[in-house]
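Numbered from 1 within each chain, the chains take letters A, B, ... in sequence-line order.
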Amino acid sequence: MPELPEAETIVRDLRPRLTGATIVDARVRHADILNPPLTPRRLAHGVRGRRISGVSRRGKIVIIELQHDLRLAINLGMSGRVVTSDAARAGEFRHIAVTLALEDGRAILYDDARRFGRLALHTPLSWRVRDASLGLEPLSNEFTAERFRALTRVSAVPIRNWLLDQRRVAGVGNIYANEALFLAGVRPTRRARTLTRAEVGRLREALRNVLVRAIAARGTTFSLYRDASGEEGGFYPALAVYDRAGQPCPRCGSGIKRIVLTNRSAFYCPTCQR
DNA sequence: AACGCGCCCTGTCCGC
DNA sequence: TGCGGACAGGGCGCGT
């Protein structure tokens, strides 16, 4: 997907554009992106006439906050994109699954070629449950080296896979997991519990560093990602290892290796990462 | 019960 | 130009 930096970029774009706007209708073209028990009818009924009170993020989830403490939670999957209709260039968004019409004539478009994304409409209670199922926010003060270490100590999975598990740390996906492991000098295959205290400390710093830099660059466009203005992210050229198999390591010049861990690519420098 | 795997679906790219 | 296979920022449900 869109990982944390891409979701954050979308949220920052949407917030000033949508806060205070009122949704007047919801049209669903692909009902399979609605998270059960949400249906087109329930979505329309739930959002119609409601004012947008804010836009926020939890992990990779974009949250459109509505009057009466309702939350429209948008998980973008691999190819999900949220744009406002005034920003969407004609012809570029050909897989619009949901359209939320606004009172002022604009609309919020949810476009998703692969339809792996999911929309959920949360009450305060159901949101509390969902929120509790997600792990630490890596950019928050709660993401301390001590907590991070306590979580890694009890898992035998390869650290790359560990980083992708949203129940432990929320928002990290395959690109930034690989980039952070490179910056920390840790091989993707290392079992989480074998990381030393120093490595966990470095990995924490690396994660925060790469996420902050990626947000500053407005995210990474690998192929389909666009921000809420319809623009590509600028972080791709800054990637050190992701999608760089065979290319020289930016630190030592060794060839970057690609391996497969649980059916997903991992990239690393065989010299710099141990 | 933690973990790996297959699968969801469409688009793109590469080799033949 | 066409076709098959591999691959793609994710995550759920299943079996072990």
Q | DNA chain B: 5'-proximal contact among A/Ala156 and A/Arg118 (nearest heavy atom) | A |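 With A/Ala156 and A/Arg118 compared, the 5'-side residue is A/Ala156.
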
Of the candidate nucleotides [options], which contains the atom at the shortest distance from the side chain of [X]?
X: A/Arg258; options: B/dC3, B/dG6, C/dC7; answer: C/dC7
X: A/Phe116; options: B/dC5, B/dC3, B/dC9; answer: B/dC9
X: A/Gln166; options: B/dC3, B/dC8, C/dG11; answer: C/dG11

(Q) For A/Pro138, is there any backbone N or O sitting under 3.5 Å from a side-chain donor or acceptor partner on A/Arg204? (A) no

Q.
Please check this pair: side chain of A/Arg15 against backbone of A/Val55, looking for a donor-acceptor N/O pair closer than 3.5 Å.
A. yes

Would one find a side-chain N or O of [X] under 4.0 angstrom from OP1 or OP2 of [N]?
X: A/Ser265; N: C/dA8; result: yes
X: A/Asn263; N: B/dG4; result: no
X: A/Asn174; N: C/dA8; result: no

(Q) For A/Arg274, I'd like to know if atom CZ has over 12 heavy atoms of other residues, nucleotides or ligands within 6.0 Å. (A) yes

Q) What do the steps show when you test A/Ile63 against A/His122 for side-chain contact (heavy atoms from CB on, under 4.5 Å), and what is the final call? A) CA-CA 10 Å; A/Ile63 303 162; A/His122 284 290; over 6 Å; no

Could you state the [atom1]-[atom2] distance from [X] to [N], rounded to the nearest angstrom?
X: A/Asn75; N: C/dC12; atom1: CG; atom2: P; value: 7 Å
X: A/His30; N: B/dC8; atom1: NE2; atom2: P; value: 17 Å
X: A/Arg153; N: B/dA2; atom1: CZ; atom2: P; value: 17 Å
X: A/Arg167; N: B/dA1; atom1: CZ; atom2: P; value: 13 Å
X: A/Leu164; N: B/dG4; atom1: CG; atom2: P; value: 11 Å
X: A/Asp243; N: C/dC7; atom1: CG; atom2: P; value: 12 Å
X: A/Asn35; N: C/dG13; atom1: CG; atom2: C1'; value: 13 Å
X: A/Met78; N: B/dC7; atom1: CE; atom2: P; value: 16 Å

Q: List the steps, then state whether side-chain contact (heavy atoms from CB on, under 4.5 Å) holds for A/Cys269 with A/Phe182.
A: CA-CA 7 Å; A/Cys269 169; A/Phe182 170 76; 4.1 Å; yes

Q | B/dC9 pairs with, by Watson-Crick or G-U criteria that keep both distances under 3.5 Å | A |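 Here B/dC9 is not engaged in any pair, so there is no nucleotide opposite it.
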
For [X], answer base if it contacts any base atom (sugar-phosphate contacts may also be present), sugar-phosphate if it contacts only those atoms, and nothing otherwise; contact means non-hydrogen atoms under 4.0 Å.
X: A/Ser155; answer: sugar-phosphate
X: A/Pro36; answer: nothing
X: A/Thr220; answer: base
X: A/Arg193; answer: nothing

Q: Take nucleotides 10-15 of chain B nucleotide by nucleotide from the 5' end and write B, S or -, depending on whether a protein heavy atom sits under 4.0 Å from the base, only from the sugar-phosphate, or from neither.
A: BS----

Q | Mutual orientation of the aromatic rings belonging to A/Phe267 and A/Tyr242 [parallel < 30°, tilted 30-60°, perpendicular > 60°] | A | perpendicular

Q. When rounded to the nearest Å, what value does the distance between P atoms of B/dA1 and C/dG11 take?
A.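 It works out to 24 Å between them.
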
**Q.** Separation of the P atoms in C/dC7 and B/dC5, to the nearest angstrom
**A.** 15 Å

(Q) A/Tyr268 vs A/Thr189, test: side chain to side chain donor-acceptor pair (under 3.5 Å). Steps then yes/no. (A) CA-CA 10 Å; A/Tyr268 67 96; A/Thr189 48; over 6 Å; no

Q.
Working note: A/Leu136 + A/Leu151, criterion side-chain contact (heavy atoms from CB on, under 4.5 Å); need CA distance, chi angles, decisive distance, verdict.
A. CA-CA 10 Å; A/Leu136 296 167; A/Leu151 292 168; 3.9 Å; yes

